[in-house]
Amino acid sequence: MSKTIRIRKGLNIKLKGKAEKILVKAEPSDKYAIKPADFPGLIPKMLVKEGDTVKAGTPLFMDKNRPEVLFASPVSGTLEAVVRGEKRRILEVVVKADGKDSSEDFSKAKPVDSTKEAITGYLLAGGVWPFIRQRPYAIIANPQDTPKSIFISCFDTAPLGPDYDYIFQNVDPDFQTGVDTLAKLTSGRVHLCVHTDYPPAANFAKAKNVEIHQFSGPHPSSNVGVQIHHIDPVNKGEAVWYVNPQDVSTIGRLMNRAEYDVSKTIVLCGSEINTPRYYKVKGGCRMTAFADNVKAGNVRYISGNVLTGAHVAADGYLGFYDSQVTVIPEGDHYELLGWALPGFGKYSAGRTFFSWLTPHKEYDLDTNMHGGHRALVMTGQYESVFPMDIYPEHLVKAILAGEIEKMEQLGIYEVAEEDFALCEFVCTSKTDVQSTIREGIDMMIKEMS
Amino acid sequence: MNPLRRYLDKIKPNFEKGGKFEKLHSTYDAFATFLFVPNTVTRKGTHIRDASDLKRTMSVVIIALAPALLFGMWNAGFQNSEALGITRTLWENFWFGFCKVFPIIVVSYVVGLSIEFGVAQARGHEVNEGFLVSGILIPLVMPVGVPLWMVAVATAFAVVFGKEIFGGTGMNIWNPALLTRAFLFFAYPTAMSGDKVWVSGVDGFSGATPLSEAAAGQPVTASLCDMFLGLIPGSIGETSTLAILIGAALLLFTGVASFRVMFSVFAGGAVMGLLFNLWGANSYMEMPFYYHYVMGGFAFGAVFMATDPVSSSHTATGKIIYGFLIGLFAVLIRVLNPSYPEGMMLAILLMNTFAPLIDYYVVSANIKRRLKRITVKA
């Protein structure tokens, strides 16, 4: 193992509702869905019609610009609805489950005796390609590229994030198969990142065909963007791919058992959960599966963590890449002179509230903005939680000004919106930073195509 | 529901588009959000937000300024009684000073905030809290005897030409509070410098500040201890280094001000002071460097003016260079140019001007590092 990479800048936000390490099997959902919004920049083109019978692994839609990239149904059943929003944009593709979990028949494959082209074709046809994403741009990997390395971040430092060492406590042979498969796709190495605070699960520590890196320090050390930046940074014209650990197993399962099985373990957490714990579910499952564990009241369901997750309805669906569901209270209330109160229970990265007296306290934060939008005044704030050799404030300003060349020079290829989540959290002026970064990335994609 | 909240909700329609008082929307918004933290929730991006907003941050700065302000009020009375040769109690001295200083604060806030509210409404913005701090900084850098109309003119100048024409809060190049002082310094030099202006209520009394003594090549009469405690004539908030350091401790502890700027200003001052010690051409040059810290506006400038996050460098590395050069130039101007005894003001304004250039080079270095990565590999 190489030497530990220390991340100094960042912030661990301590929230109430950390999950106990107990695994429960969730009630199977009646419906499952794939949401095109989980894939930035994607223009979906439907391949099946409402009412069609599908199996797990049947392609539901494809990428209009890259027809070889298919998005598969997570379960077997019938296609119930294609939910559309403004300008007929597809929001959700909903499958009504038949409870049989029958999968499309794929052929088994062994990574060792295949070529890159054969594996690429196999993964595309098997519907698991969308699990592989790339930097630059944080979008689905381009099958035509050969990445210089592939990253798997095997820990999650985000607030209440899942503990992958617990999820992988039983050795999962499919994970190693997945790693071997990915190793065939890159010209370089597969990098596996672990954290010093957690003793890595055997699956990770004994993984073969990888280079293991150890990280220490606060969030966002688990962001692949940070890891790539410190190990093998992306330059113009290069690509690095990354896959979530559980999705590596999904790829491995396809190879070993020839079936499309998106079973995964997710953590249900947050202050509005009665008994936070881990659930065994299938990708795209419905939030109603957890309803009896959620406290009554005005709450917000988040697929993912509180920093980068997506706001979903109480009967919405789990995001494609998410292994976490957080439920926190909504904060749509007024507070008399709230900015002037001592604020013992208010969480802040600085020490302007008296909550600095209780550094180990866990908070039940709500969704209130805690102030109005203002001009950017507190300079240097973003930099203090941004552990890359990139000037976040200058990059954001370059995006706002639409200066393509400047964005490129300042490192837009290396970042994704999730890397700026903490900047957005600490921003005194309540600026939207993550959406700005995505706008910048969209501008780059348009410019480079 | 809180009756006050009910009342605000009731009158709200009047201030919205098409309402009776549509033109006062920004004003309504400023007061309503002052009373209640709004109920807006996060829509996109992070679902939770830091509890701190600009109001909180600015209040911390105002609290940090309180020791310097209160001491300044007392000192105004103390200097007056010293000049008259009478003894007063602590409260009498404070009351004398309060009566002199309070009107200046009122004028600065009324003039500055009216312009801010007006411009916010014209632009359709929310009112920014930035002036809450500027409005209190302005009186603190004035001599206590300054005529109120001058405060009004200078504040209007600084807010309009120092801030609003650049786009308002967050866009200004120079620190608005220092701009008022610079404006008065050059427009009405007799009211802002010399020996006659520092002690209020005694006509024609010559109360030289240690800084002007040193600039004139005379020995400094006040003791180091008096200067540190602030028992000397000078601008209202600048005399007591002790009171300023209390404020500095609060700013640094809460993380509101940049420690990089603050420490590097003092470091820059020390380096320049020591260089002059080596040169030693006159008595001012031979003065120990820490005298600069306690004389004039050095400490006040370092703690409250140089650390203004908008007009300072924005990058961490830039902040160190920026602060260091402020300290350096402040001592340089003081010692080499006796016609501008208060080098701190000019040094900060000068470096405000160059802060974007410093950032430019810091960011360019970052860009070069990134480009080098490719060439190293190739």
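If you're wondering where the values come from, they're calculated on a predicted model, not measured in any experiment. In what follows, chains carry the letters A, B, and so on, assigned in the order in which the sequence lines appear, proteins first and then strands, with residues in each chain numbered from 1.
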Would a distance-only check, ignoring hydrogens and angles, find a side-chain to backbone donor-acceptor pair under 3.5 Å from [X] to [Y]?
X: B:Asn366; Y: A:Asp389; result: yes
X: A:Asn368; Y: B:Pro38; result: yes
X: B:Arg56; Y: A:Thr352; result: yes

Hey, mind stepping through B:Arg49 and A:Asp432 against salt bridge (Lys or Arg N to Asp or Glu O under 4.0 Å) and telling me if it holds? CA-CA 11 Å; B:Arg49 290 280 191 156; A:Asp432 287 326; 3.1 Å; yes

Any heavy-atom pair between the side chains of A:Thr379 and B:Lys319 that's under 4.5 Å? yes

Non-hydrogen side-chain atoms of A:Arg374 and B:Asp53 separated by less than 4.5 Å: no

Heavy-atom contacts under 4.5 Å, residues 245-260 of chain B to chain A: B:Phe253, B:Thr254, B:Val256

Just jot down the ring-ring contact (aromatic ring centres under 6.0 Å, His included) partners of A:Phe386, sequence neighbours excluded, or say none. A:Phe420

Under a 4.0 Å N-O cut-off, is there an ion pair linking B:Arg373 with A:Glu414? yes

So which of A:Gln409, A:Arg438, A:Lys430, A:Arg351 has the biggest tally of heavy-atom pairs under 4.5 Å with chain B? A:Arg351

Residue B:Val362 versus chain A: region with a heavy atom under 4.5 Å: both

Which residue out of B:Thr315, B:Thr57, B:Val310, B:Val363 racks up the most heavy-atom pairs below 4.5 Å with chain A? B:Thr315

